[in-house]
There are 2 protein chains.
Amino acid sequence: MPVTTIEWIDDHIRLIDQTRLPEALVYLDIHDIPTLAEAIRSLRVRGAPAIGIAAAFGVLLTAFQYRGENTDELMQQLHETSQFLAETRPTAVNLRWALEQMMQEARRIAGASVAEIRDVLYRKAMDLFESDRQVCRRIGEHGAALIPDGAQIITHCNTGALATVDWGTALGAIFTAHAQGKKLHVWVDETRPLLQGARLTMWELMHEGIPATLMCDNTAAFLMQRQKIDLCIVGADRIAGNGDTANKIGTYYLALAARHHGIPFYVAAPISTFDFSLQQGDQIPIELRNPEEVTEGFGRRTAPEGAAVYSPAFDVTPNELITAIITEVGVLRPPFQEAISRLAKGE
Amino acid sequence: MPVTTIEWIDDHIRLIDQTRLPEALVYLDIHDIPTLAEAIRSLRVRGAPAIGIAAAFGVLLTAFQYRGENTDELMQQLHETSQFLAETRPTAVNLRWALEQMMQEARRIAGASVAEIRDVLYRKAMDLFESDRQVCRRIGEHGAALIPDGAQIITHCNTGALATVDWGTALGAIFTAHAQGKKLHVWVDETRPLLQGARLTMWELMHEGIPATLMCDNTAAFLMQRQKIDLCIVGADRIAGNGDTANKIGTYYLALAARHHGIPFYVAAPISTFDFSLQQGDQIPIELRNPEEVTEGFGRRTAPEGAAVYSPAFDVTPNELITAIITEVGVLRPPFQEAISRLAKGE
C-alpha cells in the first residue's frame, strides 16, 4: 500500500510534511486556510495531483467551518478561499482544476441550505480523492506497459505516492511494472533546489524495494553516454494543447539529452493536468522560487551574501521531444495536438 | 589583483581552504605531505592548474624537509612523494604533469648534492608558479577576444583565481574581457555536488564587480531556450589528443544544450592539460566521489540512510561539441586532432 500523503479526517486535513522527509515522517493537522496555503507554498504538500486534492479539501474546510445559515455568505467565503488558494502555486493547473470542480458543484445548488452545500462539497471532495486514486492506477497500468523487463529508467523530481493520493503518475508506472514482477533499476535525479528526488523519490523506491541510485542532476547526460539507459519517465504540472509540458526545472534539459542519445522520453499525467485553453507551452506561467532555497536551502549558506539567483520552479519541454504522454485513458502519441483536442472534447 | 590561492612561504605551503568559502577566508599552512594530500583530496585546493602547483610544492616540501646528505635517499623520498600525490586525484592531468616536471629536474642533476637538488627544485617550482601566471594571462587575452561586448555568458564550476595561481582560465577570459571595459553578465551553474560555482565562482565574480546570477545546474537549458545566451566557457581537467575534454560533471550536459540552441561552446585550458598519450576521451579515468558529498553535503542529510549514489566528479565532452579550445599559445579550432598534434610536437 502506498503511504497516505493527504486525507480528510472528520473535520480537517491531515498531510505528511514533506519538507521533513526523509529524516522524519511528520503529519500535519490543518484546521485553517492560511496554514494550508503556507503548506502548499512551502512544498510541505506538493506534486500537481496532491495539491489539487489539498485545494479541494481547503474549500471543504471553509464549508465545514462556516457557522452561519446565510448561503450567500458561505458562497462568498468559498469563493474567497478558492481565489486565495489558486494563487499559492501558479504553474500546476490541477490546483485550479480541482478548485473549479468544487466551486461548480457549490454553484450548481447555490439556492440550497448551508448544510446541503456542505454535504455536496464533502461528496465532491471524496469523489475527487477516490477518482485520483483510480486515475493513478490506470496511469500506472498504461505506463507499465511501456517499461520492458530489465529496464534502466531515469526519473526527475517526485511523482509518486507523495505527489498524489495513490501510487503516483510516472513513479506509479514504475511501481506497477515492479508489481508485475519486472526487474528494474531507477536512476534518480536529486532535483535541485528542493531535492524532491533525493528526499522523496529515493525514500519511496527504497520503501518498495526497487533498486535505485541517486545522482546529481548534472549527471544524467554522462550516464546516457556511458551506460545503457532505456527510458526517461517524468510527471507534468501543466500540459498545453499541443503537448508542450511544464514540469520541474531540469525536465527540458533531460529531454534534450534523451533525444540526443535516442532514448524514449515519457510524460505521465492525469487529464486534469491538461490546460486546453493554452495552445502552446510558452503561455504557461513559470513560478519563480525564493533565492534562499538555492543559497541556504539545507541549513548551511552555500553562496556569498547578496548573490543574485535565478530559480524557476519549472521549465517547458516542447512536444517534439516527448515520445508519448501517458494518461488514465491511454497513451497519447504524436501528433499530440490532435490527440489532446479529442481529449478536450471528451472523446 | 587576483586572490593568492596558493604560495610558497619560506619553508612551507600556504593555501586558501576553499571548502570554507564563501563563509570564511581561511589560510592553511601545510608542513607535511599527508596534510597536503588530504587538502587535494578534500578539494581544499582544487582546479587543475592549482593542484599542479600544489603537487610541485609538495615535491619541494619533501626536499626542504630532508635532513640527510644522501642524494639517493632524497631521490627515493622525492619519488615516493610524487607517486603518493599522483594518486590523490585521478582525472586532472596537470597534477601528474607538474610532478613529472619536478622529478625530471631532480633526475637531471641526480649526481649533485642534496643542497643543489633542493635549489634546483626550488627554482623549478617558482618557475612553474610564474609560468602558470603568464599562461593564465595569455589564455585570458585569447579568450577575451572571443567574448563580445554585452555578452551573456554561462560557465560551470570554478576556473578562476581559486583554480590557478592567477586570474584563471575560463574565468580568466571573463575577467580580461571585463578589464577591457566590456559589459558582461555571467550565469553561474552552482555545480553540484560541491557547489564550486555557487561558493567560489560567485565569490570571485562579485569580488571583481562583474554582474552574475547563480542558478541550479538543471536550469541552463531553460535559460538557453528563453533568454539570449551568447556563449558557454568552461575549463578542463584533461584533454585527449582528439580534443575530447574531461571537465567537471555537467559539462557534457551543458555542451549538448549549447549545441541544440546553436550557442558557441568554448574550453579554456593550459597546454599542461593536454594528455597527448590518449587518443580519445573514453580513455580518461573518471574519479568517483564519496556518496556523502551528495547525501549530506549541505550539513543536513538529504537522502535516506543507505541510499545508493553515483557521483562521478567529471564527464567527457566529445570534441564535436566544442567550438574552440583556448590555450596560452592561441585558439585551437576543429579539426582538433591536427591542431593538438602540432602542440604535441611543440610547433
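Labels below follow one simple rule: chain letters A, B, ... track the order of the sequence lines, proteins then strands, and each chain is numbered from 1.
Of the two parts of B:L200, neither the backbone nor the side chain holds a non-hydrogen atom closer than 4.5 Å to a non-hydrogen atom of chain A. With a 4.5 Å cut-off on non-hydrogen atoms, A:M202 touches chain B through its backbone and its side chain both. Proximity to chain A (any heavy atom under 4.5 Å) is shown, for B:T213, by both the backbone and the side chain. Of the two parts of A:E305, only the backbone, made up of N, CA, C and O, holds a non-hydrogen atom closer than 4.5 Å to a non-hydrogen atom of chain B. For chain A, the nearby parts of B:P304 are the backbone and the side chain; heavy atoms of each come within less than 4.5 Å. With a 4.5 Å cut-off on non-hydrogen atoms, B:L223 touches chain A through its side chain but not through its backbone. Within the 4.5 angstrom heavy-atom criterion, only side-chain atoms of B:P312, from C-beta onward, approach chain A. Neither the backbone nor the side chain of B:V188 comes within less than 4.5 Å of any heavy atom of chain A. B:A212 touches chain A through its backbone: at least one of N, CA, C or O sits under 4.5 Å from a heavy atom, while the side chain does not. Only the side chain of B:T295 comes within contact range of chain A, judged by heavy atoms closer than 4.5 Å.
Taking the six-membered ring for Trp and the full ring otherwise, the centers of A:H185 and B:Y310 sit at least 6.0 Å from each other.
Between A:D315 and B:Q225 there is no side-chain heavy-atom pair separated by less than 4.5 Å. Proximity of A:T219 to B:R192: side-chain heavy atoms (C-beta onward) are nowhere separated by under 4.5 Å. Side-chain contact check for B:T302 versus A:E190: every heavy-atom pair is 4.5 Å or farther apart. A:F222 is not listed as a side-chain neighbour of B:T317, based on a closest heavy-atom distance of 4.5 Å or more. Put simply, the side chain of B:R259 does not reach to within 4.5 Å of the side chain of A:L256, judged on heavy atoms. Taking the side chain as every heavy atom from C-beta outward, B:E23 and A:R300 approach each other to under 4.5 Å.
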> Do A:R226 and B:I286 pass the side-chain contact (heavy atoms from CB on, under 4.5 Å) test, and can you show the C-alpha distance, the side-chain angles, and the key distance before you say yes or no?
Replying inline: CA-CA 11 Å; A:R226 290 284 169 111; B:I286 299 295; 4.2 Å; yes

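When the candidates B:A220, B:G197, B:P318, B:P211 are compared by the number of heavy-atom contacts under 4.5 Å with chain A, B:A220 comes out ahead. Note: B:L254 leads B:L195, B:L21, B:L254, B:T201 in heavy-atom pairs under 4.5 Å with chain A. Ranked by heavy-atom pairs shorter than 4.5 Å toward chain A, the options B:F298, B:W203, B:Y253 are led by B:Y253.
Side-chain atoms of A:Y252 do not come within 3.5 Å of backbone N or O of B:N218 as any donor-acceptor pair.
Taking each heavy atom of B:P22 and A:A303 in turn, the nearest pair found is CG-C, 3.5 Å.
To the nearest 0.5 Å, the span separating CG on B:D189 from CG on A:D217 amounts to 11.0 Å.
For A:Q279, the CD atom counts as loosely surrounded, since its 6.0 Å shell holds 12 or fewer non-hydrogen atoms of other residues, nucleotides or ligands.
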